[in-house]
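Notes follow once the structure below has been shown.
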Amino acid sequence: MTEERATGQAPEEIRSEADFLAEQNEQMRIRASKLAALREAGKDPFETVVYPVSHHAADVTGDFERLEGQPVCLAGRLMGKRGMGKASFGDLQDRTGRIQLFVKVDELGEEAYGEWLKLDLGDLVGVEGTAFRTNRGEISVRVGRYALLSKCLRPLPDKFHGLKDMDTRYRQRYLDLIVNPEVKETFYRRSAIIKTIREYLDGRGFIEVDTPMLAAIAGGATAKPFTTHHNALDLELYLRIAPELYLKRLIVGGFERVYELGRMFRNEGISIRHNPEFSMMEVYQAYTDYKGMMALSEGVLSTCAQAVLGTTHIVYQGVELDLTPPFARRTMREAVLEHSGVDFDQVADAAEARRIAADRGVEVPKDAAKGEVMNLFFEHFAESKLIQPTFIYDYPTEISPLTKKKPGRPDLTERFEIFISGREYGNAYSELNDPFDQRERFVAQVKKREAGDEEANEMDEDFLTALEYGLPPTGGLGIGIDRVVMLLTDSYSIRDVLLFPTMRPVRASEAERAPDENGGA
RNA sequence: GAGCCAUUAGCUCAGUCGGUAGAGCACUUGACUUUUAAUCAAGGGGUCCGGAGUUCGAGCCUCCGAUGGCUCACCA
C-alpha cells in the first residue's frame, strides 16, 4: 500500500550486450559473440520482421504425395543438427511438429553453408526449399535458401531427456513447451475442450456473458476470497469466488439461457487438484430443474470427450472410464448407506448423527447439523469409491444455501454433484427462487459467519431484491474446466493443465537476508 | 499449516568410508556430401541451493534458511 510499491526494476538491472558477454556461462558467451559477429556483418537477425511461411511441418509430412518436389517455405526453431561435412541435417520444429532439413554446400554456396554450420540449437530459422524423401525414407526439406529469424542466446535443455525439473517446467513454461511435445498437446486439447463447450451451449440458445470479477460481496460459493482495494472509490473488493448470483440476476432480466466461462479465485491451499485461480463454467437455464442439468452435464462431458479423443471410453491414470450417457444416479443417502452402512434417514437428529460420527472416527464440528454430518460421511466413505461417472443427488439443505428444497423433504434439496474417478467435477441444482426462503438461508449463513466460519455466505440484499421481481424456475450447473481438462488429457496434477500455475516467487538474492541470520554485520 | 523427499556443469543424472568433482547430451576445434539420440578424435566448462557449525579436511555429518515435489488438512 506504499507509494514505493509502484517502482519497477532498478536501472542497474538493465543489461547491456557487453554485460551479457561477461556472463559466467561459456555457452551463452559463445552464442552472444555469434550474434555480435552477425550484427557487425550487417546481418542482425533481430531486424527481421516477416517471413513468407507457406507450409508447416505437418503439412509436408501429412500431404507428401502432393507436395513431393514442390517448393515449400517453413519457419520454426532449429532443434537438431547433424553435420556430415559438406552436407548436414537439421530438425525444424514449428507449431505443428518437426520436419527434417537437408542442407548441402552445393545448393547453398560456401558462405551461406558456413553460416548455417554456425547456427545454434534453438535458433529460429526460415527455410525455402523442396519437399523430398531421403534415402532412408524420411520426409524432409531440401534447403535452397534460409534466413536466421531470431537468435537463441541460451542453451536449450537436453534434446533427449527434455526438461524434467518440475520447478523449472512451471516457472519457465516456454522451455517446457519447446522441449516436451506432450505439453503442447495438453494445451491444444484444453483449447479444444473450451471451444467445444462454447459450441455446445451456443448451439442450444445460450448466450455467453461476463459478470464482475471484482465484487463487493463474494457470493455464490463457500470459499475464502482474495481481497483487493480500489483506490478511486476507496473500496475493499473481493475477487469473485463464483459468478452464480450475477448470472441468476440475468435470468431475472430475461435472458433465459446464459453461461459464463472464466476464472475464479479462492484463497485456499494449493494441491494436486487446487490452484488459487482456476476456470469454471456456469450455466443457467430457465424453465428446467436439476434433472435438466443432469442431461446437460452428460451432454457437455461426453461431447468434449468425443471432440478431443474421438470416443467416450477413456483411460484416466490407468483406469478405464465410460463417459457415455446416461451416468449412474444415486442419492447421497444411498451412497453413504452403501459405503458406511449408516442410513441417515434412520438418524433422528444432529446429536445422534454426531454420536455416530464419533463412533466411526469421522471428525465433525461440535455444532454440526445432521445434514453436515451426512455430507462428511459421504466425503469420508463414499466419494473416493465413485469411479465411473455418477450423479449424487438430494443434498442436505444445511450445506446448500442457494438451492430449492425437495418437495415434502425440507431437509433435502434438489441438488447434485458429478463424481468421476473419485473426484467432484460439477455441482448443479434447481435454483432457489423463493425470496423469503432465500433470506432465511442467508441469515443462517450470516450466523455461521459470525460464529467464525470465514467461508459462509454474506447477505446479498440486491440479489434478494432481484428474486423479489421473480426468478423463473431455473436449473443451474457449474463444471470445473481444469478438472475436465485433466480427465481428458490424463494429467495427474492441475498444474499440468495450467500454463502458469501459481508459484512462490524465487527470492531475488539470498544475500539480502544473510545479515539477519548472522546476527547482524 | 504439518510430515517425508529432492536440490551437484546449460540439460539429464552418478558421486564409495569425510581426503582437491564425474558421465551422457549440449558447447569448442578437427575429420566426414543421405544422417536421424549421426559417427570418430581432441578440448573447455562447477557459487556441489544459501548460511553457520563439527573436523587437520565437508558435495557427503549437524543446525538454520530458501525453493520444489509428494502425502495429510481446507476446498472445486
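Residue numbers start from 1 in every chain, and the chains themselves are labelled A, B, ... in the order their sequence lines are given, proteins ahead of strands.
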Q. A:Lys104 near the nucleic acid: base, sugar-phosphate alone, or nothing, with a heavy-atom cut-off under 4.0 Å?
A. base
Q: For A:Lys118, report the nucleic acid contact type (base, sugar-phosphate, nothing); a contact means any heavy atom under 4.0 Å.
A: nothing
Q) What are the two closest heavy atoms between A:His55 and A:Val60, and how far apart are they? A) CB-CG2, 4.2 Å
Q | B:rU71 - base-pair partner by Watson-Crick or wobble geometry, distances under 3.5 Å | A | B:rA2
**Q.** Pairwise C1' distance for B:rG68 and B:rA58, with rounding to whole Å
**A.** 25 Å
Q. Which base, if any, makes a Watson-Crick or G-U wobble pair with B:rU47, both distances under 3.5 Å?
A. none
Q: Rounded off to whole Å, could you give me the CG-to-P distance for the A:Leu163 and B:rA9 pair?
A: 14 Å
Q.
Measure CZ/A:Arg423 against C1'/B:rC74 and give the value in whole Å, please.
A. 16 Å
Q: Assign A:Asn267 to base, sugar-phosphate, or nothing according to its heavy-atom contacts below 4.0 angstrom with the strands shown.
A: nothing
Q.
With a 4.0 Å cutoff (strictly under), does any side-chain N or O of A:Arg136 reach OP1 or OP2 of B:rU35?
A. yes
Q) Would A:Arg142 count as a cation-pi partner of A:Phe102, with NZ or CZ less than 6.0 Å from the six-membered ring centre and within 45° of the ring normal? A) no
Q | A:Asp496, A:Asp165, A:Asp176, A:Thr502 screened by side chain to side chain donor-acceptor pair (under 3.5 Å) with A:Tyr170, the one that passes | A | A:Asp496
(Q) Side chain of A:Ile30, heavy atoms from C-beta onward: which of B:rC27, B:rA37, B:rC70 has the nearest atom to it? (A) B:rC27
Q.
Can you tell me which nucleotide in B:rG10, B:rA76, B:rC70 comes closest to the side chain of A:Tyr492?
A. B:rC70
Q. Any donor-acceptor pair under 3.5 Å between the side chain of A:Gln100 and the base of B:rU35?
A. yes
**Q.** Short side-chain N/O contact from A:Lys81 to OP1 or OP2 of B:rC25, under 4.0 Å
**A.** no
(Q) Tell me which one of A:Glu398, A:Glu454, A:Glu372 satisfies salt bridge (Lys or Arg N to Asp or Glu O under 4.0 Å) with A:Lys448. (A) A:Glu372
Q) When you compare B:rU55 with B:rG65, how far apart are their P atoms, in angstrom units rounded to a whole number? A) 23 Å
Q: Among B:rC11, B:rU34, B:rU35, find the nucleotide with the atom closest to the side chain of A:Arg82.
A: B:rU35
Q: With a 3.5 angstrom cut-off on both distances, give the Watson-Crick or G-U wobble partner of B:rU16, or none if there isn't one.
A: none
Q | Inter-nucleotide C1' distance (B:rU47, B:rU8), Å rounded | A | 11 Å
Q: In whole angstrom, give the distance that lies between atom CG of A:Leu498 and atom P of B:rA76.
A: 17 Å
Q) Which part of the nucleic acid, if any, lies within contact of A:Gly480, taking any heavy atom under 4.0 Å across all strands shown: a base, the sugar-phosphate backbone alone, or nothing? A) nothing
Q: Could you tell me whether A:Asp167 contacts a base, only the sugar-phosphate backbone, or nothing, with contacts defined as non-hydrogen atoms closer than 4.0 Å?
A: sugar-phosphate
Q) So what does A:Gly426 hit on the nucleic acid, given a heavy-atom distance under 4.0 Å: a base, only sugar-phosphate, or nothing? A) nothing
**Q.** Nearest to side-chain heavy atoms of A:Lys86, which nucleotide of B:rC70, B:rC11, B:rU33
**A.** B:rU33
Q: Quote, to the nearest angstrom, the P distance that separates B:rG24 from B:rC40.
A: 11 Å
(Q) If you go through the side-chain atoms of A:Asp165, does one of them form a donor-acceptor pair with the base of B:rG68 closer than 3.5 Å? (A) no
**Q.** A:Leu121 CG - B:rA26 P separation (whole Å)
**A.** 7 Å
Q | Given B:rA26, B:rG68, B:rC74, the nucleotide with the shortest approach to the side chain of A:Met166 | A | B:rG68
(Q) Taking 5.5 Å and 30° as the limits, would you call A:Phe278 and the base of B:rA76 a stacked pair? (A) yes
Q. Per the atom types in the model, does the base of B:rU33 pair as donor or acceptor with the side chain of A:Asp106 at under 3.5 Å?
A. yes
Q: Give a yes or no on whether a donor-acceptor pair under 3.5 Å exists between the nucleobase atoms of B:rA76, that is its base, and the side chain of A:Glu424.
A: no
Q: Give A:Tyr113 one of three labels, base, sugar-phosphate or nothing, depending on what nucleic acid heavy atoms sit under 4.0 Å from its own.
A: nothing
Q: Return the value, rounded to whole Å, for the distance between atom CG of A:Leu177 and atom C1' of B:rC11.
A: 17 Å
Q: Among the candidates B:rU28, B:rG44, B:rA38, find the nucleotide nearest to the side-chain atoms of A:Met84.
A: B:rA38
**Q.** Nearest-nucleotide 5' precedence on RNA chain B, A:Ile270 against A:Ala221
**A.** A:Ile270
Q. Any side-chain heavy atom of A:Gln388 sitting closer than 4.5 Å to one from A:Leu321?
A. yes
Q: Indicate, with a heavy-atom threshold strictly under 4.0 Å, whether A:Tyr170 touches base, sugar-phosphate, or nothing.
A: sugar-phosphate
Q) How far, in whole Å, is B:rC5 from B:rU62 if one measures between their P atoms? A) 11 Å
Q: Could you measure between the two P atoms, the one in B:rU33 and the one in B:rG69, and give it in whole Å?
A: 49 Å
Q: Kindly state whether the ring of A:Phe419 and the ring of A:Phe378 have centres lying under 6.0 angstrom apart.
A: yes
Q.
Classify A:Arg169 by what it touches in the nucleic acid, base, sugar-phosphate, or nothing, heavy-atom distance under 4.0 Å.
A. nothing
(Q) Check this one for me: any side-chain N or O of A:Arg504 less than 4.0 Å away from OP1 or OP2 of B:rU67? (A) yes
Q: Counting heavy atoms from C-beta on, name the nucleotide in B:rA37, B:rU33, B:rG69 closest to the side chain of A:Ala87.
A: B:rU33
**Q.** Length of the CZ-C1' vector between A:Arg173 and B:rG68, whole Å
**A.** 14 Å
Q.
Testing the basics here: between A:Val373 and A:Ala357, what is the closest heavy-atom pair and its distance to 0.1 Å?
A. CG1-CB, 4.1 Å
Q) Whom does B:rA41 pair with, Watson-Crick or G-U wobble, provided both distances fall under 3.5 Å? A) B:rU29
(Q) Between B:rU7 and B:rC49, how many Å separate the two P atoms, rounded to a whole number? (A) 8 Å
Q. Just one of A:Arg82, A:Lys159, A:Arg98 clears the side chain to side chain donor-acceptor pair (under 3.5 Å) bar with A:Asp91, so which one?
A. A:Arg82
Q) For B:rA26, does either OP1 or OP2 sit under 4.0 Å from a side-chain N or O belonging to A:Lys159? A) yes
Q. When we call it a touch if two heavy atoms are under 4.0 Å apart, what does A:Met264 touch: a base, just sugar-phosphate, or nothing?
A. nothing
**Q.** Length of the line joining A:Asp158:CG and B:rA14:P, which is rounded to integer Å
**A.** 14 Å
Q. Considering only side-chain heavy atoms of A:Glu138, which listed nucleotide, B:rU34, B:rA76, B:rU35, is closest?
A. B:rU35
(Q) Which nucleotide wins on minimum distance to the side chain of A:His161, given the candidates B:rA76, B:rG24, B:rG44? (A) B:rG24
Q. B:rC48 and B:rC11: how far apart are their P atoms, nearest whole angstrom?
A. 15 Å
**Q.** Closest approach of A:Asn25 to A:Pro155 (non-hydrogen atoms, all atoms of both residues)
**A.** ND2-CG, 4.4 Å
Q) Given the side-chain rings of A:Tyr429 and A:Tyr290, with only the six-membered ring counted for Trp, is the space between their centroids under 6.0 Å? A) no
Q) What is the pairing partner of B:rG59, taking Watson-Crick or G-U wobble pairs with both distances under 3.5 Å in any strand? A) none
Q. Contact class for A:Arg171 vs. all strands (heavy atom < 4.0 Å): base, sugar-phosphate, or nothing?
A. sugar-phosphate
